[in-house]
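Here is how names work: the chains are called A, B, and so on, in the same order as the sequence lines, proteins then strands, and each is numbered from 1.
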Amino acid sequence: MYYVVTIATLVTMGLALVRALLGPSVYDRVLAVNMLGTKTVLLLSVIAFLYGRPDFLDLALAYALINFIGVLAVLEFFRSRALRRNAERGARQ
Amino acid sequence: MSALLDTLSWVLLTLGGLSVLIGGIGALRMPDLYTRMHAASVTDSLGAILVLGGIMLQAGWSLATIKLFAILLFLLLTSPTSSYALASAALLAGQRPFADASQDGEGPE
Amino acid sequence: MIVMFGIFLLTLLVITAIAIVRTDNLFVAVMLMGIASLLIAANFFLLDAADVALTEAAVGAGISTVLFLGALALTSERERAKSWNRLLSFIVVAAAALILIYATFDKPRFGDPEAPVQVHVAPWYLEKTPEYIDIPNVVTAVLGSFRGYDTLGEVFVVFTAGIGVLFLLGGGKAGGAVPEEEIDEGLRHHLIPRVVGRVLIPFILLFGLYVQFHGEYGPGGGFQAGAIIAAAIILFALLEGENRALSVLPERVLLGLMACGPLLYGAVGLAGIIFGGNFLDYSVLSSNPVKGQQLGILLIEAGVGISVTGVLLGIFHAFAARDS
Amino acid sequence: MELLGIYNYWVFAVLLMTGFYAVVAKRNLVKKLLGLSLFQSAVFLLYITMGKVEGGTAPIFPEAGAAVFSNPLPQVLILTAIVVGISTTALGLGIVVRVKEEYGSIEEHKIQEIDER
Amino acid sequence: MNALAQHLPALQVVVPMLAAPVVVLLRPRGLAWAAATATSVLAFAISVQLVQAVLEGGPTSYLMGSWPAPYGIELRVDALSALLLLAVTGASVLALVGGRDSLDSQIDVGRQPYFYAAWLLALAGLCGIVVAADAFNIFVFMEISSLASYVVVAGGPDRRALPAVFKYLIMGTIGATFYLIGIGLIYMMTGTLNLADMEFRIHAVADQRPILAAAGFITVGLALKAAIFPLHVWLPNAYTYAPHMVTAFLAACSTKVSLYVLLRFDFFVFQDNLTGHAFQFAAYLMPLAILGILVGSAVAMFEKNVKRLLAFSSVAQIGYMMLGASLVTVAGLTAGIVHIFNHALAKGALFLAVASFATIAAGLRLDDLKGIARRMPWTFGAFVVAGLSLIGIPGTAGFVSKWYLISAAMEFGAAGLPLVFIILVSSLMAVVYIWRIVEATCFTKAEDEPASGASASPVLVAVLWLAAAANIYFGLAPALPLTLAGDAATELLGHLP
């Protein structure tokens, strides 16, 4: 039964990757990265049980957390970029 | 009892897999950023609940369940937060939802 | 079945890699690099390398993305030039590829328990770890004790990178166009991420400590913990702004952490000499050699954790401070 | 199992070459560093692949029962190599930022033009 | 003291390494230089001790963490490593002692602790490579020394240092990664990382394809790091724009250490295990060595910047070392190894002299140095001595290695004559490029005589003359390097039939 979930997760990861490659906007790509991250968390949780080593769930937890920080870093990047662009525009005028 | 739990967890896992998959298809097929985000984020949360819940039933009462619960809690907190933040960033940057996209195209990249 | 999962993940990985090279938007390339890291890490997990998967996720997908974004914010997002010397590069690359593919034919079968790798040195580690060190995680045992000298070198590599970035970017800020207060507020106006982040940070720190001290029993250890703790503080800096983060952990403290980690590791090594053993011989640290080994590993892992945290934060701050 | 063995090695070769191509052919400094990371990741894959034992599990003794374990040594080496890789990347990015400040560009040929002027 | 003696191989690496974080933490900042210099001197003292130990008792080995050899990490100091240790630590001491003013003028005080820490790490990394007897450990220390070298090179005041160091970083990392791939392939076939164990176990799988590919990857990777022609493209710019003292230090020893690893692998690990390896090694590397000698010298003859000129001369000199090694005889290898040492002496002294010129000259193009000999006669004198040594005039260290190289080539009878011819031609080319500097500095007058009374610090001139004197001393009494090199060569080739 774990296999079903694993396959579904893997396929979804593939679909998310396609979305990341297609874009079109950068936000779509960030969305795809985020989605891939959460799917990886699910995948690892399931595989930890598939392998019979539930003590490896720590990894899934770490992934979840890293993923969140990654997305926020991207947002901060957007924000500071917007500020810089505004400032440059202001400086030009 | 154990057979009941087993069946229940299988059902949860299957439903979870299904909803994850639907989310994936939605994220690929929906027409614009916000609808894609909608598809992705809703199924993210639902899928996580179902799949992790299913595994929890399999794991029984152990340390693993506590860890799974922590992961679930974490996902339920962060996943909607990221979606919200992403949507707000996109909106502030001038990406228009699909409804008004007819006027100004796909919006700037 | 798992084999098929592995193949699928690797295929996705190859597609991602090619896309990274092809795109001319550097931001997209960095995002794809994050995806590639996640895929590689998942694949490491399938190949039984739990510790490596954890490190790759924390370092590759987390810290590396943050650093690349920090650098992109200071440079530019577009790649303006076409490739050059395509033909020559292609020939060089193809030649190397042919040599590699040529080499694959005599390789031992994948997963072969009789392969030279599996029968020579490695079984000794698996066999002797319970006897000499008595901790469940053999990877930590090899990393901390049997090949502890490599790990010492690795800590110093990290340290070198840290002082290198400080040397290059520290001091003499480049003036930017954006007013200081504005750039510095971080994501403070985003209420929801801020509240959620604040709730999570203590738990992330706690988890980091767990990874640090649980490294002898499960996947984890100093590097992973250092990266996770650094990530938590980076999260704080993202949410509250650079200055608030710096007031919590000023630069001097970071420099102290950076330098004290390697010193702690080195001191444990020298203690080996002082108590009559060889360098990095932990057995002499306690009257019971096995206890001594465990104590030594605990201490050096702490040193590793401290230095990785310090260096990663130092590098992040060096990039972020350039912004203003 | 046979298939995955060769497939892993081939993916290693392809990844290595993709990264290597980016390093050699691209003229954008950040892209070169991205290529370099990819190049190094490929090597990590090579090492981890060779450590896998059929039917084995991660070399962390479980609470109950002996089992077949995969090789811990390549994992240790790669842990070290990953950290070395991120250190190199960080230092490289530091240099790139300085280059941008001094030259106003991160494209190799533009920098050359400026220098020759 | 006796108790510490057995730990010397470890301390050789650990002392400079642990001093680095201390240097960063030191207050006030001016202490950084003093601490770095003191540490370097200590490291030099340790290496002198090690040389003595090797001369008296043969190779010594040290087990890190007391774990037995193929399982733990082994350190091993034999004649070859002892010779290199002497060169590395000696170069560091001379450059640091002589270079204080020069460095003060090129790097601002606030950044100096980082700089000196990186310097010590580079020193520790190079020493670590030389004493290691474990393939992966060599990789780790190679990365420490490379990263630290990038940092110190980037300290150059000219902005062109930055693109140069970026190129250095990219090529250095490719080299290191190739080396890592090679190690991986060998490890896959033998299951071990210890060099001696590897040599022993490689017999069983010799001539299988992964081993051949590994030999290729390791050779190419290390050739990149050692700047063997045509993989030298990173070197000229990196040496030109680095701070002067860094150039003196790195030119004297950093590429040589990579060359050392190359010799270790090709002679110790692969030799005799791969069919026809000696022939292939000679067949591939000798043409490259010869091309490197000729092209490097030719470019140097037309180069206008003094540092760049000397950097290209380094490319040529690396060719000599490779040429000696590619003869695959004890005599040839001895010559190559002696040249590693002698070139470190000559090139170190030359770059120190350049640093001294730089204290009063406006720039380092030949035109900027016009007439400088009159204002700095002592520096000029030392420059000439070192230059003569580089050319190979009898009575200097350079002559010894060239003489040995020629006699090694003559062992092949008539077949060796072309080599002798090439060595003579390239020596003439060296005469030309050294003469160009001498001509510019001594026999042309500056258009406008600057009135500034500044001159190089007496310490620098003293150190410079010390280096020049060493060139003469080792030219007249070459017993020490020759004994060590001879021992090293016999040891490397020892297991040949």
Side-chain angles (χ1 to χ4, degrees), chain C residues 96 99-100 102-108 115-122 124-125 128 132 145-154 156-157 159-161 163-164 166-168 170-172 255-256 258-263 266-267 269-270 272-273 276-284 296 307, chain E residues 4 7 10-11 14 17-18 20-22 24-25 62-67 70-73 75 108 110-111 113-115 117-118 121 124-125 128 134 136-137 140-141 143-144 147-148 150-151 154-155 181 185 187-194 197 201 205 208-214 216-217:
Chain C
I99 295 177
L100 277 174
Y102 164 80
T104 51
F105 291 109
D106 279 342
K107 275 180 179 167
V117 186
Q118 319 296 2
V119 294
H120 186 39
V121 172
W124 188 87
Y125 292 134
K128 300 290 184 185
Y132 289 138
S145 186
F146 296 123
R147 293 188 70 89
Y149 183 52
D150 269 353
T151 313
L152 176 67
E154 182 187 355
F156 274 91
V157 172
F159 176 69
T160 313
I163 60 168
L166 288 185
F167 178 68
L168 285 165
L255 197 62
M258 235 186 214
C260 286
L263 280 178
L270 288 176
I273 291 186
N278 273 359
F279 189 70
L280 290 175
D281 185 351
Y282 315 136
S283 311
V284 292
S307 74
Chain E
L4 271 184
H7 297 296
L11 291 177
V14 171
M17 198 151 82
L18 286 185
V22 177
V24 171
L25 290 182
Y62 186 83
L63 298 175
M64 273 292 166
S66 310
W67 299 113
Y71 311 111
I73 294 173
L75 304 185
D108 43 292
R111 293 162 80 208
Y114 301 128
F115 176 83
L121 287 167
D134 184 283
F136 192 79
N137 195 241
V140 173
F141 279 89
E143 285 297 305
I144 295 183
L147 283 181
Y150 309 148
V151 176
I181 296 171
L185 292 174
Y187 174 66
M188 184 164 69
M189 302 307 287
T190 62
T192 185
L193 291 166
N194 186 286
D197 198 27
R201 295 178 62 88
V205 291
Q208 291 199 16
R209 283 182 254 193
I211 298 288
L212 295 180
F217 273 106

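Counting all heavy atoms, side chain and backbone alike, C/S307 lies closest to C/P262 at CB-CD, 3.4 Å.
The choice from C/L270, C/D150, C/V117 that makes the most heavy-atom pairs within less than 4.5 Å of chain E is C/D150. Between chain C and the residues E/L147, E/I181, E/L121, the most heavy-atom pairs under 4.5 angstrom are made by E/L121. Contacts with chain C were tallied for E/M189, E/R201, E/E143; E/R201 has the most, counting heavy-atom pairs under 4.5 Å. The greatest number of non-hydrogen atom pairs below 4.5 Å with chain E, out of C/A115, C/A267, C/S145, C/G276, is found for C/S145. The most heavy-atom pairs under 4.5 Å with chain E, out of C/V284, C/T160, C/L100, come from C/T160.
In this structure, no portion of E/N194 lies under 4.5 Å from any heavy atom of chain C. For E/V140, the parts sitting under 4.5 Å from any heavy atom of chain C are the backbone and the side chain alike. For chain C, no part of E/I211 is nearby; none of its heavy atoms comes within less than 4.5 Å. Neither the backbone nor the side chain of E/A214 comes within less than 4.5 Å of any heavy atom in chain C. With a 4.5 Å cut-off on non-hydrogen atoms, E/A148 touches chain C through its backbone and its side chain both. Within the 4.5 angstrom heavy-atom criterion, only side-chain atoms of C/Y125, from C-beta onward, approach chain E. Both the backbone and the side chain of E/Y71 come within contact range of chain C, with heavy atoms under 4.5 Å apart. Using a 4.5 Å cut-off between heavy atoms, E/I73 touches chain C through backbone and side chain atoms alike. Of the atoms belonging to E/D108, not a single heavy atom falls under 4.5 Å from chain C. Using a 4.5 Å cut-off between heavy atoms, E/Y150 makes no contact with chain C at all.
The line from NE2 of C/H120 to CG of E/L193 is 9.5 Å long, rounded to the nearest 0.5 Å. Here the CD1 atom belonging to C/I163 is positioned 10.5 Å from the CZ atom belonging to E/F115, to the nearest 0.5 angstrom. Distance check: C/R147 CZ to E/F136 CZ gives 7.0 Å after rounding to the nearest 0.5 Å. The distance from atom CH2 of E/W67 to atom CG of E/L63, rounded to the nearest 0.5 Å, is 11.5 Å.
Ring centroids of C/Y149 and E/F141 are separated by less than 6.0 Å, placing the two rings close together.
Taking the side chain as every heavy atom from C-beta outward, E/Y187 and E/T192 never approach each other to under 4.5 Å. Residues C/I273 and E/L11 are in side-chain contact: their nearest non-hydrogen atoms beyond the backbone lie under 4.5 Å apart.
With C/F146 as reference, C/W124 is the one residue of C/W124, C/Y132, C/Y282 to meet the ring pair (Phe, Tyr, Trp, His ring centres under 6.0 Å) rule.
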Using the side chain to side chain contact (heavy atoms under 4.5 Å, CB included) rule, take E/M17 and E/I144 through it: C-alpha gap first, then chi angles, then the decisive distance, then the call.
CA-CA 10 Å; E/M17 198 151 82; E/I144 295 183; 4.3 Å; yes

